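Accompanying notes for the structure given below.
Hydrogens, waters and symmetry mates are skipped; everything else that's a heavy atom, side chains included, is used. So that the names make sense, note that chain A is the first sequence line, chain B the second, and so on, each numbered from 1. These numbers were taken from a predicted model, which means no experiment stands behind them.
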There are 2 protein chains.
Amino acid sequence: MGTRSVTKDLFLEERRQEILRRVNELGRVSVGDLSQEFCVSEVTIRADLQALADSNLVVRTHGGAVTANRALPDISLSSRLTQQVREKDRIGEAGAAMVMDGDAIFLDSSSTALAIARQLKGRRHVTVISNSLAVAQEMLDAPGVTVVMPGGTLRRETASLIRADSLDALRRFNIQKGFFGAHGLSVPEGLTDVSADEADMKRPLVAMCRRVIAIVDATKWGRVGLASFARLDQIHCVITDSHVSAEWMDQVRAQGIEVIAV
Amino acid sequence: MGTRSVTKDLFLEERRQEILRRVNELGRVSVGDLSQEFCVSEVTIRADLQALADSNLVVRTHGGAVTANRALPDISLSSRLTQQVREKDRIGEAGAAMVMDGDAIFLDSSSTALAIARQLKGRRHVTVISNSLAVAQEMLDAPGVTVVMPGGTLRRETASLIRADSLDALRRFNIQKGFFGAHGLSVPEGLTDVSADEADMKRPLVAMCRRVIAIVDATKWGRVGLASFARLDQIHCVITDSHVSAEWMDQVRAQGIEVIAV
DNA sequence: GGTATTTTACGATTTCTTTCGGAAAAGCGC
DNA sequence: GCGCTTTTCCGAAAGAAATCGTAAAATACC
């Protein structure tokens, strides 16, 4: 029946690539159509869509999938913040507790990094290096904290600066600890982000930090984003919440990484 | 326009997305209309509206739904309190009018520069270079505008970055116009600022701008701040308000400087 | 042999509809 | 204004159809 052009036998990766291309082109795809197009069973297509959805490349719906921009917005920002504010705060406390007076630390543009910043407000002689507008804004009323930002181009999605022309200027700082949020944490890929630009920004910073601390809530474990910015052996510590399976934590601890579940 | 009927079979997510779009566009929707439009029962529509209401995306009413009054508290500067808002806005308009599509411009951390930024929101292919957090924050929802910030240390009083380690990175931009607020404008001292650090930041930037535009309201004329950052012969244009004496303006015009009083 | 991929089978889940009792708005007579 | 009826709208329940996920079997490939 498959009189369409794509009767060719495709490898799994090729098929998923093609599905992704189609979603981005048409905005939506249905399981039934794809099944006919590629001459595979619907179960296979569902597995494909599931995989793409796991990487946040498409949004799964009943009967098919749509592009992210056609999907419903997440729970509104305010309610999501209130929902997870407890966990974020606890992660923020744990992170802030690791910062000594006199330290220079890096905070990225994740919301968890912002939580750490909030906990640092009363500190003195702390230098915060960050590419996040929100972190800088937050520290406006923290007179004991010096804030340094690398230059760059504003990325709207995260209110952060990317494509820094010269991170060299930061090399004169001896950055004791770097706190990095991530979109995914997995053993083979390490820390990943959905934005290649953001990852490009973080990669050299990871190398500049004496101690790299990943801050990832339970939902991020096992997920893989578009671009990797830190291998697992570059990470010294992971701060997460208590909803992570012991199995996963053991797997990461086996790599010699400290795991703190708050 | 308006009555485009949707007979297509939509996924649940798509239908809700479309409903949300309609609510935000029209302000209100009715259960009956939506039921006909999407060819589903009213019960289904009610479930949709309920779901959207649960996420605070719409407000449920009898017979339909209306937009959620999304009054997100803006965390921008409290500079709106000043009584010179009107004049600031007019100066902002005059400044924005000088910016062409395709331009790269510099905006400093003055409140008048922020007023210019507000007027640039709808523009496309404009690059704004600024050391002001407020300007960057303001442009977060201006997708046609590229924002570039030089790196530096946060100065709390003005929410700006100073002591940039490498303005060299900005030299690759051909900055057509630079808008500089100042604490004082006088013939012998030129443009002055109260902060030496801030002045140190602006001085090289003045040299990098093809056209230097000073934005100073009437109160700044004849005043002299701590540190000078631009001689009068480096300035090409002054935007000010109409409360400046003709005598002052003539004196500056005599230097070959264009003076615009709004 | 072994591994990776896909299919088939089937019970579970989601989505949508119809139905129905009750609540909310709208008319209406006063 | 006040009570009354009528209409509209709501939410819950139950059932039908489509879709889903899982797990074991089948196929392909090395």
What is the distance, to the nearest angstrom, from the [atom1] atom on [X] to the [atom2] atom on [N]?
X: Glu13(A); N: dA4(C); atom1: CD; atom2: P; answer: 14 Å
X: Leu34(A); N: dT7(C); atom1: CG; atom2: P; answer: 13 Å
X: Ile45(B); N: dT18(C); atom1: CD1; atom2: P; answer: 13 Å
X: Glu42(A); N: dT22(D); atom1: CD; atom2: P; answer: 17 Å
X: Gln50(A); N: dA23(D); atom1: CD; atom2: P; answer: 14 Å
X: Leu10(B); N: dC16(C); atom1: CG; atom2: C1'; answer: 14 Å
X: Phe11(B); N: dT19(D); atom1: CZ; atom2: P; answer: 9 Å
X: Arg46(B); N: dC9(D); atom1: CZ; atom2: P; answer: 8 Å

Within the pair [X] and [N], is there a side-chain N or O less than 4.0 Å away from OP1 or OP2?
X: His62(A); N: dT19(D); result: no
X: Arg15(B); N: dC16(C); result: yes
X: Thr44(A); N: dT7(C); result: yes

Are the side chains of Arg163(A) and Arg155(A) in contact, using a 4.5 Å heavy-atom criterion? no

Tell me, do Arg156(A) and Val147(B) make a side-chain contact under 4.5 Å, heavy atoms counted? yes

Over all atoms of both residues, closest heavy-atom pair of Ala136(B) and Leu154(A): O-CD2, 3.6 Å

Taking all heavy atoms of Gly181(A) and all of Lys202(A), pick out the closest pair and write down the distance. O-NZ, 3.1 Å

Would you mind telling me which of dA23(D), dG11(D), dT18(C) lies closest to the side-chain atoms of Val43(A)? dA23(D)

Which one, dG21(D), dT5(C), dT7(C), comes nearest to the side chain of Leu12(A)? dT5(C)

Spacing of CE belonging to Met208(A) relative to CG belonging to Asn174(A), to within rounding of 0.5 Å: 9.5 Å

Within the structure shown, what part of the strands sits under 4.0 Å from Thr61(A) by heavy-atom distance: base, sugar-phosphate, or nothing? sugar-phosphate

Answer with base, sugar-phosphate or nothing: what part of the nucleic acid does Val40(B) contact at a heavy-atom distance below 4.0 Å? sugar-phosphate

